[in-house]
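Right, one structure below, let's go through it.
One-based numbering along the sequence shown.
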Amino acid sequence: MTSELDIFVGNTTLIDEDVYRLWLDGYSVNDAVALRVRSGILEQTGATAAVLQSDTMDHYRTFHMLERLLHAPPKLLHQLIFQIPPSRQALLIERYYAFDEAFVREVLGKKLSKGTKKDLDDISTKTGITLKSCRRQFDNFKRVFKVVEEMRGSLVDNIQQHFLLSDRLARDYAAIVFFANNRFETGKKKLQYLSFGDFAFCAELMIQNWTLGAVGEAPTDPDSQVDDMDVDLDKEFLQDLKELKVLVADKDLLDLHKSLVCTALRGKLGVFSEMEANFKNLSRGLVNVAAKLTHNKDVRDLFVDLVEKFVEPCRSDHWPLNDVRLFLNQYSASVHSLDGFRFLIYRPGVIMRRIIRIM
C-alpha cells in the first residue's frame, strides 16, 4: 500500500500575487484553479493539473492563516510565524484593504451595521462582485470605522497608524468613515452620476473646513468628550451658517452682492446673461442649503440639495465647468468683502465644483 504526501519545506513564505487576488476576489479553490488553467499557466510552467490544484490549496491555506493578522496589520509586522519581507507585507495589507468602487458606491453613507450587511446579497448580484468579496470589503469598512471613530486627531493619520495603509488608501477610508458617521445620502438616482472619487474629494474638503478638527485647536479640557475631531461636523460652525440668510433676506444686500459678482465677471463668462438673470435664485439655493445644516436630516441630504438647488439649474442653462468655477470663486470672494462676512469660513465653491464635474 502506497501513500502520496505533498511536502513543502521553506523559510520565506511564498506569496503568489495572482492567487492572492483570486482569493481576495472570493473565488473558491476549484474556481481559482480553473481560472489559472485558463490563463495558460500549465503550458508556461509545464506543471500538471494536480500540482496546480495542490499549489492553489497551499496558497489558500496560507492566506486563511494570515487573515486574522491582516485584521490588525501591526500584528503582521511583529509576528514571527510567517517570514515575509516588508515589501510583501505592505502588498498583503494594501490589497486586503483595497475595495471595488462599484461596491463602495453602494454602501457609501449607510450605517455600517447588520442591517446593511443583510443587503450584501443584492449588492453582489447588482455589481457582479462575489458575495465573499463584498463581505470582506464591508467588514474592512466596519473594522476601520470601529477603531478610529472615537480617536482624537487626524482621521487619515489614525487610519495609517493602525492599519498601515498608503496615504491614498487611508484618505479613501477616511472618506468612508466620515460619510458613514454623518450618514450622507448618496444613493438617490440623481446622485448616481457621481463617483466615489467625487464624494471622497468632497469628504476631504469637508474634513479640512467643516469639522471640529478644522478649527485647528484641540479641546483644552482633558476630560472633554470631543475626541473624534475629524469625524463630526462642527455644530457651532453649522449654526453660524444661518447668518448667511441675510444675504437673500435683505434686498439691498442681495442687490449689492449681485452687483459685485456681475461687475467682476462681466466679459468673462460665456453664460453671463443667464447668470445675471438667475443670480438671485442661485444665491437663494446656496444660502438655503447652508442655513438648514443645523438639522440632521438636512445634513444627510446635503448632496441631494446641492444638486437640486444649484447643479440642475446650471446644467439646464448649459454652464461650462470653467464658468461655474469662476462664478463660485467670485460668489465666495464677494461675500467675504461684504461687511459682517469678512471672516466667515464658508466654502461652497470647492465642493460644488466637484459635484458638477459631469454636466
Side-chain angles (χ1 to χ4, degrees), residues 10-26 58-101 103-104 107-108 111-114 116-117 132-181 196 200 203-204 207-208 211-213 218 222 225-232:
N11 185 30
T12 301
T13 302
L14 299 178
I15 303 294
D16 186 304
E17 294 183 32
D18 293 331
V19 181
Y20 187 49
R21 176 181 55 78
L22 293 170
W23 179 73
L24 290 174
D25 287 344
D58 183 65
H59 279 297
Y60 266 52
R61 281 192 292 267
T62 300
F63 300 147
H64 282 302
M65 289 186 287
L66 285 170
E67 188 165 23
R68 63 180 180 81
L69 298 171
L70 289 168
H71 290 172
K75 291 183 178 180
L76 178 64
L77 270 62
H78 300 117
Q79 56 79 37
L80 300 176
I81 298 174
F82 301 97
Q83 300 300 307
I84 305 174
S87 61
R88 275 314 212 207
Q89 292 177 342
L91 180 145
L92 288 170
I93 295 167
E94 190 78 1
R95 294 194 179 177
Y96 186 80
Y97 282 91
F99 52 81
D100 294 291
E101 174 155 336
F103 175 76
V104 71
V107 300
L108 187 66
K111 189 174 182 180
L112 300 175
S113 63
K114 292 181 180 179
T116 303
K117 195 169 186 178
K132 189 172 182 180
S133 181
C134 288
R135 286 173 176 162
R136 173 183 60 82
Q137 295 178 58
F138 180 84
D139 288 342
N140 285 345
F141 297 162
K142 186 175 180 179
R143 184 180 309 110
V144 173
F145 181 88
K146 290 284 188 182
V147 169
V148 303
E149 65 173 325
E150 299 295 339
M151 286 186 175
R152 175 181 301 195
S154 166
L155 190 53
V156 174
D157 290 348
N158 288 335
I159 291 171
Q160 285 187 299
Q161 179 182 348
H162 289 84
F163 293 92
L164 309 180
L165 305 182
S166 66
D167 180 72
R168 181 64 268 162
L169 189 55
R171 291 181 183 280
D172 286 343
Y173 267 87
I176 293 167
V177 170
F178 182 71
F179 267 68
N181 183 70
F196 168 73
E204 188 166 350
I207 289 171
Q208 292 171 358
T211 64
L212 292 165
Q225 297 300 307
V226 185
D227 295 327
D228 43 342
M229 297 178 66
D230 270 2
V231 178
D232 287 333

[X] side, atom [atom1]; [Y] side, atom [atom2] - distance, nearest 0.5 Å:
X: L212; Y: R152; atom1: CG; atom2: CZ; answer: 11.0 Å
X: D167; Y: D157; atom1: CG; atom2: CG; answer: 8.5 Å
X: I176; Y: L112; atom1: CD1; atom2: CG; answer: 8.5 Å
X: Q161; Y: M151; atom1: CD; atom2: CE; answer: 7.0 Å
X: N181; Y: D232; atom1: CG; atom2: CG; answer: 5.0 Å

Non-hydrogen atoms of [X] and [Y] that approach each other most closely:
X: H59; Y: L14; answer: CE1-O, 3.6 Å
X: E149; Y: K146; answer: CG-O, 4.0 Å
X: A98; Y: L169; answer: N-CD2, 4.2 Å
X: F178; Y: A203; answer: CD2-CB, 4.0 Å
X: S113; Y: F138; answer: O-CZ, 3.4 Å
X: D25; Y: S133; answer: O-CB, 3.7 Å

N/O donor-acceptor pair under 3.5 Å between [X] side chain and [Y] backbone:
X: Q160; Y: A170; result: no
X: T116; Y: K111; result: yes
X: E94; Y: S166; result: yes
X: N158; Y: V148; result: no

Non-hydrogen side-chain atoms of [X] and [Y] separated by less than 4.5 Å:
X: I93; Y: L165; result: yes
X: L24; Y: R136; result: yes
X: Y60; Y: V19; result: yes
X: V144; Y: H162; result: no
X: L66; Y: I84; result: yes
X: L164; Y: L77; result: yes

Problem set entry | Check: Q137/D100 side-chain N/O donor and acceptor closer than 3.5 Å | yes
Problem set entry | side-chain contact (heavy atoms from CB on, under 4.5 Å) partners for L91, two or more places apart | E17, Y20, R88, R95
Seminar exercise, completed: From the list F141, F145, Y97, Y173, ring-ring contact (aromatic ring centres under 6.0 Å, His included) partner of F163 resolves to Y97
Exercise. When you look at H64 and W23, which way does the side chain to side chain contact (heavy atoms under 4.5 Å, CB included) test go after all the steps?
Worked result: CA-CA 9 Å; H64 282 302; W23 179 73; 3.4 Å; yes
Exercise. Do the ring planes of H71 and Y96 sit parallel (below 30°), tilted (30 to 60°) or perpendicular (above 60°)?
Worked result: tilted
Exercise. Considering residues at least two apart in sequence or located in another chain, which fulfil the salt bridge (Lys or Arg N to Asp or Glu O under 4.0 Å) criterion with R135?
Worked result: none
